[in-house]
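Note sheet for the following structure.
Residue numbers start from 1 in every chain, and the chains themselves are labelled A, B, ... in the order their sequence lines are given, proteins ahead of strands.
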Amino acid sequence: MSSQLLYESIDPTTYLALAEELANRSDVASRRTAADRIYYAAFLTSRDQLASKNYLTPHNTTEDHQYVTETLKKVLGTVGNDERLLRNARNCINYDTRGLHRGIMSVRSLKWMIDTASEIIHKVEALPHNSSKN
Amino acid sequence: MITQTRKLATVRRQDLSTGTNWGNIQEDWRNLIHTKLISDFATVLDKNMVNTLYSFEWKSFSTCRDTYRQIVRYYEHFAVVHDDRWGLCITLVEPELAEISYIDKPSVERLLNHIGRRVLERIISIINELSRRNGWNLSKIEICCVRDPDVKDWEYILIRLLFPTDFDTADLYLHDLYKELDKLNVELSSKERDRFQKLFYYDVIATAV
């Protein structure tokens, strides 16, 4: 029995280009959606790169958020902290529908989020294959 | 780079709290000022010795100018510096430590075992040293326990630094801290490193919006 392909596979770094496009729009729905795509560009690229380079085995559950952050901290030091800050910012911008001011905890600008995600992606892509993990 | 071999300055040290004048500084210290880099010399001065006045009497200001500038730059954040054309006085002052505030301390204590507590002390000490050295003007260190909203059982300790600056400046300070934390990561024992990596996270709040 053949099944119809509904979604092709995706390179999660492409979310970043979409996020930049959304970030430049004037409507708030686009800009808030951009925050979501930025985080997922960084998180999914990190998860897939770390998995393909033998640093972790994903659970494919929400626990992967913790797993990826902790593995990044282990392998790339404080880069893991930036990934968590990105996630906190995404949660705040996505879940809180009130007006968000800069002074509010966790809120980050889209520029900061794009720069941070780009740096995380660059660093995980540069990681060598891990031959020590069983 | 200071390469002259002749004497550039006489250095005297005085304990201001007791009024004791200890006279000329030891001969080898005097040698340091005209034979070595000021960064070497600066490490000789005891930064912990507060209320101590070091005075430098230049023999020739023109040859000492670079040394003088480096001394002022090195000490500007934790010393009172008085200077004139002929000399320089440095009074080492007590560094102002940022207030540490625990939010729900019992929860923080619950997550910290004795190893975690030791690691937290190291982290706070690094923050205070950076703040003093870089003139951060850090207002407060907040320590709290965070439970992740989506991932079951994921709890960690968040160390939040409050700066009376704009966000970009506070973010730069956070990245200065990252460099030191990455160095600490290498220095810790394996058990400490495990706690350090799993338990502690960092954030900044900029109060000058």
Portion of B:Asp171 that has a non-hydrogen atom of chain A nearer than 4.5 angstrom: side chain
May I ask you to name which of A:Asn88, A:Asp82, A:Asp64 has the most heavy-atom pairs under 4.5 Å with chain B? A:Asp82
Shorter than 4.5 Å, heavy atoms on both sides: which option in B:Val204, B:Asp168, B:Val151, B:Asp194 has the most such pairs with chain A? B:Val151
Could A:Arg87 and B:Asp148 be called an ion pair, given the rule that one side-chain N must be under 4.0 Å from one carboxylate O? yes
NZ/NE/NH1/NH2 to OD/OE distance under 4.0 Å, B:Asp203 and A:Arg108: yes
Contact part of A:Asn91 toward chain B, heavy-atom cut-off under 4.5 Å: side chain, backbone, both or neither? side chain
Over 12 foreign heavy atoms within 6.0 Å of NZ, A:Lys53: yes
B:Arg110 CZ: over 12 foreign heavy atoms closer than 6.0 Å: yes
B:Leu174 portion near chain A, given a 4.5 angstrom heavy-atom threshold: side chain
Check: B:Lys198 side chain, A:Lys73 main-chain N or O, donor-acceptor pair, under 3.5 Å: no
Do A:Glu70 and B:Trp154 pass the side chain to side chain contact (heavy atoms under 4.5 Å, CB included) test, and can you show the C-alpha distance, the side-chain angles, and the key distance before you say yes or no? CA-CA 11 Å; A:Glu70 288 182 351; B:Trp154 188 15; 3.8 Å; yes
Could you please spell out the steps behind the side chain to side chain donor-acceptor pair (under 3.5 Å) verdict for B:Asp182 and A:Thr78? CA-CA 7 Å; B:Asp182 285 337; A:Thr78 43; 2.9 Å; yes
Which portion of B:Asp153 sits near chain A, non-hydrogen atoms under 4.5 angstrom: neither
Side chain from CB out, backbone as N, CA, C, O: work out which of these in B:Leu184 comes under 4.5 Å of a heavy atom of chain A, or both, or neither. neither
If we only count heavy atoms from C-beta on, is the A:Arg84 to B:Tyr156 side-chain gap below 4.5 Å? yes
Would you mind checking which part of B:Phe167 comes under 4.5 Å of any heavy atom in chain A, side chain (CB onward), backbone (N, CA, C, O), both or neither? side chain
How about B:His114: does its NE2 atom have over 12 heavy atoms from other parts shown lying under 6.0 Å from it? no
Heavy atoms of other groups near B:His175 NE2, more than 12 under 6.0 Å: yes
Using non-hydrogen atoms only, which part of B:Arg193 is less than 4.5 Å away from chain A: side chain, backbone, both, or neither? neither
Is the shortest heavy-atom distance from the side chain of B:Tyr201 to the side chain of A:Thr69 under 4.5 Å? yes
Just verifying a value: how many Å separate B:Ile205 CD1 and A:Ser106 OG, rounded to the nearest 0.5 Å? 8.5 Å
